[in-house]
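Below is one structure, written out as structure tokens, with a few remarks after it.
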Amino acid sequence: MSEESSTSADRLAGVPGLMRIESTGKEEVTAHCMELTHAVYPHHQVYGQYCTVHEYVDCPPEQAYDYLRQGHHLEEWTFSLRDFAPTGTPGLWAGYDRLEDDTRIFCEVVANPEAMTVDYHCSWDQGDQLWMIYLMRVVPASLVLGRPGSVITWTNCRHPHYDDNPHPELAPRPDRPWVGDYWDLFYAGHTVEIRNLKAILEHRHRGGLPIGSTPARAVTR
């Protein structure tokens, strides 16, 4: 065992449940991995706590990122988010999620150009606590697939508010379904939407068209 390995092993001594080559043989870890690999998985095991979709897009990553970071484009590639307009709070926009009648959705975009990450912080009914976080990242396909274009990933985490509406008094009507009622359909629904995103970006890129569009409702001063 090398000095470097001994040092790391010493630092990790006492941490339960670790499987590292210093303490676990190759045959044992292979058998364990086989136990974790199944032909069929229960829906809750795959999509219960996290929902991730991903897609290859034939569009330069810089252009894909620039499109995503402009939140008004959600009106183009999402299934049901429409009519966004700026609120009185800088960076906060409000629109409607037409998945349910008269349902307001609030959104703030948090983007990092160096990492090409775009996070949409959203919520239904109110804009004070944006707990629905849509985490997106654009990766140059040249790095991970050896081809031009982009790989786009999108992850949602199951915040407790998906199960219990924190502000039922703000719902437009008492019988309005809650966003968390759709969680089991998130993977399928987000797959539809990321394919919309792919179709728009590829159509415009291949046709030499502008990738983005002007907001229908600009900020007024």
Side-chain angles (χ1 to χ4, degrees), residues 36 38-55 57 67-89 91-111 117-138 151-201 215-217:
L36 297 176
H38 308 283
V40 178
Y41 295 84
H43 182 93
H44 71 85
Q45 184 175 335
V46 180
Y47 308 119
Q49 193 64 27
Y50 309 96
C51 177
T52 297
V53 296
H54 38 76
E55 187 64 84
V57 180
Y67 180 86
L68 287 171
R69 73 170 182 82
Q70 300 179 67
H72 67 277
H73 289 136
L74 288 165
E75 296 188 9
E76 294 187 341
W77 63 271
T78 66
F79 178 75
S80 59
L81 304 187
R82 300 293 184 268
D83 303 322
F84 276 107
T87 67
T89 301
L92 182 67
W93 286 58
Y96 288 91
D97 191 340
R98 294 188 182 174
L99 198 62
E100 292 295 336
D101 292 340
D102 302 319
T103 293
R104 299 278 278 167
I105 186 167
F106 295 80
C107 181
E108 180 180 6
V109 181
V110 179
T117 57
V118 179
D119 301 337
Y120 302 107
H121 294 227
C122 304
S123 67
W124 273 14
D125 302 331
Q126 54 81 36
D128 294 327
Q129 183 188 11
L130 304 177
W131 58 271
M132 298 164 54
I133 314 296
Y134 299 80
L135 307 168
M136 305 192 75
R137 182 176 182 183
V138 180
V151 171
I152 299 177
T153 65
W154 172 9
T155 296
N156 272 80
C157 303
R158 189 167 185 166
H159 192 286
H161 289 344
Y162 278 113
D163 296 320
D164 295 295
N165 183 355
H167 299 286
E169 74 281 0
L170 299 179
R173 59 188 187 281
D175 62 343
R176 193 275 312 271
W178 181 233
V179 61
D181 297 340
Y182 295 97
W183 179 268
D184 286 347
L185 297 175
F186 267 34
Y187 180 83
H190 290 177
T191 296
V192 168
E193 292 182 317
I194 201 169
R195 289 176 179 172
N196 286 346
L197 176 64
K198 173 183 173 73
I200 292 168
L201 293 178
R217 297 160 189 81

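- At least one donor-acceptor pair under 3.5 Å links the side chain of R158 to the backbone N or O of G48.
- Taking CG from L81 and NE2 from H72, the interatomic distance works out to 14.0 Å, rounded to the nearest 0.5 Å.
- Note that the OG1 atom of T78 and the CG atom of L99 stand 10.5 Å from one another [nearest 0.5 Å].
- More than 12 heavy atoms of other residues, nucleotides or ligands lie within 6.0 Å of OH in Y182, so this atom counts as buried by the packing criterion.
- In this structure the side chain of H159 never reaches within 4.5 angstrom of the side chain of I133, judged on heavy atoms.
- The ring-ring contact (aromatic ring centres under 6.0 Å, His included) search around H73 returns Y67, not counting sequence neighbours.
- Using a 4.5 Å cut-off on side-chain heavy atoms (C-beta onward), V179 and D97 make no contact.
- Under the 6.0 Å distance and 45° angle rule, R104 counts as a cation-pi partner of Y96.
- The structure places SG of C107 at 9.0 Å from OH of Y134, a figure rounded to the nearest 0.5 Å.
- In this structure, the side chains of L197 and L68 come closer than 4.5 Å at one or more pairs of heavy atoms.
- Among residues two or more places apart in sequence or in another chain, the side-chain contact (heavy atoms from CB on, under 4.5 Å) test is passed with P174 by none.
- Listed by first then second residue, pairs satisfying salt bridge (charged side-chain N to carboxylate O under 4.0 Å, His left out) with a partner in residues 167-177 read E100-R173, D125-R176, R173-D175, not counting sequence neighbours.
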With a 3.5 Å cut-off and sequence neighbours excluded, list the donor-acceptor pairs that the side chains of residues 185-195 form with protein atoms.
unit_1: T191; atom_1: OG1; unit_2: Y187; atom_2: O; d: 2.7
unit_1: E193; atom_1: OE2; unit_2: F79; atom_2: N; d: 2.7

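- Side-chain N or O atoms of Y162 include none that pairs as donor or acceptor with a backbone N or O of M132 at under 3.5 Å.
- For R137, the side-chain contact (heavy atoms from CB on, under 4.5 Å) partners at least two apart in sequence or on another chain are T117, V139, T153.
- The two residues L92 and G127 come nearest to each other via the heavy atoms CD2-O, 4.0 Å.
- To the nearest 0.5 Å, atoms OG1 (T155) and NE2 (H54) are separated by 8.5 Å.
- Here N165 contributes atom CG and S123 contributes atom OG; the two are 10.0 Å apart, rounded to the nearest 0.5 Å.
- No side-chain donor-acceptor contact under 3.5 Å links W77 to the backbone of K198.
- Side-chain atoms of R82 come within 3.5 Å of backbone N or O of E75 as a donor-acceptor pair.
- No donor-acceptor pair under 3.5 Å is formed between the side chain of Q129 and the backbone N or O of W131.
- Proximity of the aromatic rings of W93 and F84 is defined here by a centroid distance below 6.0 angstrom, and this criterion is not met.
- In this structure, V109 and Y120 have side chains that are in contact, with non-hydrogen atoms separated by less than 4.5 Å.
- Across all their heavy atoms, N156 and W183 have their closest contact at O-CH2, 4.1 Å.
- Considering CD1 of I105 and CG of L130, their distance stands at 9.5 Å, rounded to 0.5 Å.
- Residues that satisfy the side-chain hydrogen bond (donor to acceptor under 3.5 Å, both in side chains) test with W178, not counting sequence neighbours, are absent from this structure.
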